[in-house]
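The structure's right below; bear with me while I get my questions together.
Residue numbers start from 1 in every chain, and the chains themselves are labelled A, B, ... in the order their sequence lines are given, proteins ahead of strands.
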2 protein chains.
Amino acid sequence: MSHTPGVRQEQKRKTRQALLDAALGLLEEQSLSSLGLREVTRAVGVAPTAFYRHFHSTADLGVALVEEALGSLHPMIRTTMSPAEDDDERIDRAVELIAGHVAAHPAHVRFIARERHGGVQPVRRAIREQLARFAEEVKAELATDASAAGWSDTDLRMLAGLYVDQMLITASLFLETLDAPEEERRRAVETARRQLRLISVGRTHWLD
Amino acid sequence: MSHTPGVRQEQKRKTRQALLDAALGLLEEQSLSSLGLREVTRAVGVAPTAFYRHFHSTADLGVALVEEALGSLHPMIRTTMSPAEDDDERIDRAVELIAGHVAAHPAHVRFIARERHGGVQPVRRAIREQLARFAEEVKAELATDASAAGWSDTDLRMLAGLYVDQMLITASLFLETLDAPEEERRRAVETARRQLRLISVGRTHWLD
DNA sequence: CCATGCAGTTAACAACTGTTCTCTGGAATT
DNA sequence: AATTCCAGAGAACAGTTGTTAACTGCATGG
């Protein structure tokens, strides 16, 4: 079925990826709406016109970056949200997983946080769609949990949304403290833990 | 003490405000990092060089916009967070207050949501500082509440931060549904209410 | 082996940007 | 009434932008 990549397609894929990487780097200190196509091609070392072979516009590139940043993250939901014996232990796992992801892909996280409310509509929509998928997946996972008995569909959706937003907040908090003194980072982790724990407490007493 | 404004200073103030207003309008569909100084002066109908009489740069203007958007909001904290007989009624009041503010100043809210993680460092810092002030004020208000007995300082700070973040999330949710069908807006309000209520439940059972 | 396809190049375009310097009119100060 | 001050105008600068057209070289499929 799957043909050998072919020297031609492989080279194209490489330059495309180089454009994405260069753009992501440039976006560390500016927003997508001010990212110029020439700027990107210059960083890659390629002619400006070559850009059009891969993307219609920088907005188009932005949408591709959303896919790159969030697309591969869905499988993590199941393992993270799956029920565990100890609630606190699960929270600890989730927080450390977020911390690890932020440390491993800071530019991706920054990009999502920045462009979620950014000035480029198609990118905002792409992010919104991905986050909606996350919320659906979290909701599905919550529904399997024993403590979800008696919960209405609306309430499950509301809780899933709360979790997704809280994860983004946590990620962006960790991002801000990435190159901060050790002690401040530990405080950030502790804050994130307790906030999730408080939500967890509210969840167990929701039906009172 | 306070001299009569003076025709001169008054005129200057007017153009400065016109620049701020025009910028805010232009920022509805782009980020600050792509906002050009010429763009702003053109929208006001003034020479490009006049810009320098009021701001060093567009980043400088952005900082001024942060002050305009958030500076006058602090007094609202006391009245919103102040203890009430009924917890749910207070939540309803808070949610409607946010909804009203978003409806009255959508551009300001959009600006804050967009530039909080945006590409212009001084503006990010200005917003962070204002939000930290909000958190401090919320924390102070929480401390006066009877149900805060036995809470550690760290936990009060953590809860205050959670509230501030949740209010921003709610505001940006309302912003997205501003020109959506009536029914979707009602759903958004209901979601916001329940999320705050869940946090409230978690808060009352925190010390168990 | 030859013809086609197509990623990337080169050159040129009109339009735009931030910033400088010089100037002007009229309010503010003396 | 004479002088100073200063918000805004005007012109010019070097550098940037997105987009177009026509090209070149090389991997690919017949």
remark   = Heavy-atom nearest pair, A:S34 first then B:S34, reads CB-CB, 3.3 Å
Closest listed nucleotide, where the reference is the side chain of B:V7 and the choices are D:dT17, C:dG18, C:dA28 = C:dA28
ask   = How many Å lie between CG on A:L37 and C1' on D:dT20, as a whole number?
value = 13 Å
ask   = Roughly how many Å is it from CZ in B:R38 to C1' in D:dA11, rounded to a whole number?
value = 11 Å
query = Could one point to a donor on the side chain of A:R53 or the base of C:dT9 with an acceptor on the other under 3.5 Å away?
reply = no
query = Within the structure shown, what part of the strands sits under 4.0 Å from A:A50 by heavy-atom distance: base, sugar-phosphate, or nothing?
reply = base
ask   = Do B:E89 and B:R93 meet the salt-bridge criterion of a basic N to acidic O distance under 4.0 Å?
value = no
message = Tell me whether B:K139 is salt-bridged to B:D153, with the criterion being a basic N under 4.0 Å from an acidic carboxylate O.
response = yes
query = Do A:T49 side-chain and C:dT10 base share a donor-acceptor contact under 3.5 Å?
reply = yes
ask   = Got a sec? Which of residues 8-28 of chain A come in under 4.0 Å of DNA chain D, heavy atoms?
value = A:R8
ask   = Pick the nucleotide of DNA chain C nearest each of B:P48 and A:A47; which residue has the one closer to the 5' end?
value = A:A47
request  = May I ask you to decide if A:M158's main-chain N or O and B:Q195's side chain share a donor-acceptor pair within less than 3.5 Å?
outcome  = yes
remark   = Separation of C:dC16 atom P from B:L35 atom CG, nearest Å, is 16 Å
message = Between B:R193 and B:D88, does any side-chain N to carboxylate O distance fall below 4.0 Å?
response = no
ask   = Should the pair A:R203-A:D145 be classified as a salt bridge under the 4.0 Å nitrogen-to-oxygen rule?
value = yes
